[in-house]
Amino acid sequence: MATSKAQISKVVSPAQWLTARKQFLIKEKEFTRLRDELSRQRRELPREKVDKQYVFDALDGKQTLADLFAGKSQLIIYHFMFGPDWKEGCPSCSYISDHLDGSLVHLNARDVNLVVVSRAPLSQIEAFKKRMGWRFHWVSSYGTDFNPDFQVSFAKGESAKGKVYYNYDLADFPSEERPGASVFYKDAAGEIFHTYSAYARGLDILVGAYNWLDLAPKGRDEDGLAFSMAWVRHHDKYEPGQVVDPKQTYVQPALATQASARSTSAEGTGQDCCADSKITLRAH
């Protein structure tokens, strides 16, 4: 499924390799320190109080935003692209979500709860969650203002304007749903504050597999693709010898009512429900 050849580097002696590696290590350490400083500044950003009452559908009944903290003072929400009438969740959001379950116990140990939210009805969410084998807490915001308020679904009448507000600017976006992550803090008095939200390539760091690929000789191997994540599949749809169409562009997933009319080959293309790479992963 390769999309390009690995960059050809010159072959050198062990001593020359070590010299080059140590020189590059200086740059890596600079980047690490810059990332630490950026994280520190992120924590110092101002907060906005959340006064609106959001209520979500969960397996054990209705849950408020406060309930989602589950006894912690910090809450991270991943906005998973799964529209109310889609037959399945977004492949790229699924790619991110494949990394979540193993981190939950560690996040809980640091006073953080992580919850996934989508607009799809809870029954659709639970069916897809079971198919994918996930355990994380996933609730439905169907019928609420939560998604539009946090830039991850069309607000009423927004699509008629031609551009939508996403990643803190107006931009073209080919889907009614958009990916994102939002962070909240609850103080001792129970008041909730929105501290941070990230979209587009700001979510890049959440994808552990990408960080591993960045270490490999071919890297992410996406440069030749019209849509960078065209290669991504739900983890139960990868096939040996998979071929990626470099000209493939974004196509929103089929509606649940259309699924039966689609051929097996069309359903298996893995076309992603996140947006074009130039909008999401290539433009922060």
Side-chain angles (χ1 to χ4, degrees), residues 1-42 78 81 90-103 106 132 167 171-174 178-181 198-251 268-284:
M1 60 176 290
T3 58
S4 65
K5 295 182 179 179
Q7 181 179 352
I8 299 175
S9 300
K10 62 181 180 180
V11 178
V12 298
S13 68
Q16 290 173 313
W17 184 94
L18 183 59
T19 296
R21 178 64 188 92
K22 291 174 71 174
Q23 289 175 344
F24 187 68
L25 180 60
I26 294 173
K27 295 181 179 180
E28 288 182 322
K29 288 185 176 182
E30 289 175 353
F31 172 74
T32 297
R33 288 190 288 270
L34 285 172
R35 186 176 61 185
D36 288 344
E37 174 59 19
L38 190 65
S39 295
R40 185 192 65 78
Q41 292 181 26
R42 181 185 299 114
Y78 180 68
M81 294 173 67
C90 162
S92 287
C93 287
S94 298
Y95 181 36
I96 290 179
S97 298
D98 281 336
H99 298 79
L100 300 186
D101 279 337
S103 68
H106 305 289
M132 303 306 286
N167 201 21
D172 295 316
F173 203 94
R178 306 159 218 160
Y199 309 96
R201 207 174 178 191
L203 305 172
D204 208 46
I205 196 170
L206 303 179
V207 189
Y210 264 154
N211 294 315
W212 287 107
L213 287 173
D214 286 342
L215 301 178
K218 291 183 180 180
R220 302 183 186 189
D221 207 12
E222 296 176 337
D223 291 344
L225 300 177
F227 171 47
S228 67
M229 301 186 85
W231 65 273
V232 174
R233 305 288 187 266
H234 294 106
H235 61 236
D236 59 356
K237 288 188 176 180
Y238 285 105
E239 298 178 357
Q242 178 177 296
V243 176
V244 178
D245 180 0
K247 296 181 180 180
Q248 178 181 309
T249 56
Y250 162 81
V251 177
T269 59
Q271 290 175 326
D272 192 80
C273 60
C274 291
D276 180 89
S277 60
K278 297 180 179 63
I279 298 171
T280 57
L281 295 182
R282 296 306 181 203
H284 186 279

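One is the number of the first residue; the rest follow in order along the sequence.
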Open item on the list: When you compare the side chain of Trp231 with that of Val243, does any pair of heavy atoms fall below 4.5 Å?
Closed with: no
Task: Pro91 vs Arg233 side-chain heavy atoms within contact, under 4.5 Å - done: no
Task: Any side-chain heavy-atom pair of Arg178 and Tyr199 under 4.5 Å - done: no
Open item on the list: My understanding is that only one of Lys22, Gln23, Gln16 makes a side chain to side chain contact (heavy atoms under 4.5 Å, CB included) with Thr19; could you say which?
Closed with: Gln23
Open item on the list: If you compare all heavy atoms of Pro246 against all heavy atoms of Gly224, which two are closest, and at what distance to 0.1 Å?
Closed with: CB-O, 3.6 Å
Open item on the list: I'd like to know whether Glu37 forms a salt bridge (charged side-chain N to carboxylate O under 4.0 Å, His left out) with Arg40, so could you lay out the CA-CA distance, the side-chain angles of the two residues, the decisive distance to 0.1 Å, and finally the verdict.
Closed with: CA-CA 5 Å; Glu37 174 59 19; Arg40 185 192 65 78; 2.5 Å; yes
- [ ] Rounded to the nearest 0.5 Å, what's the gap from CD1 on Ile26 to CZ on Arg21? Could you check?
- [x] 10.5 Å
TODO: Answer yes or no: is there a donor N or O on one side and an acceptor on the other, between the side chain of His106 and the main chain of Ser103, under 3.5 Å?
DONE: no
Task: Over all atoms of both residues, closest heavy-atom pair of Ser228 and Leu225 - done: O-CD1, 3.4 Å
Open item on the list: Would you compute the distance between atom CG of Asp245 and atom CZ of Phe227 and round it to the nearest 0.5 angstrom?
Closed with: 12.5 Å
- [ ] Looking only at non-hydrogen atoms, find the nearest pair between Ala181 and Leu206 and report the distance.
- [x] CB-CD1, 4.4 Å
Task: Minimal non-hydrogen separation, Tyr78 against Gly180, with atom names - done: CD1-O, 3.2 Å
TODO: Look up atom OG in Ser97 and atom CE in Met132, then write down how far apart they are to the nearest 0.5 Å.
DONE: 8.5 Å
Task: Minimum heavy-atom distance Ile205-Asn211, with the two atoms named - done: O-ND2, 3.6 Å
Open item on the list: If you compare all heavy atoms of Arg201 against all heavy atoms of Arg220, which two are closest, and at what distance to 0.1 Å?
Closed with: NH2-NH1, 3.8 Å
Open item on the list: Quick one, Glu222 with Tyr210, criterion side chain to side chain contact (heavy atoms under 4.5 Å, CB included). Give me CA distance, side-chain angles, the key distance, then yes/no.
Closed with: CA-CA 11 Å; Glu222 296 176 337; Tyr210 264 154; 2.4 Å; yes
Open item on the list: I need the Trp212 CH2 to Leu215 CG distance, nearest 0.5 Å.
Closed with: 7.0 Å
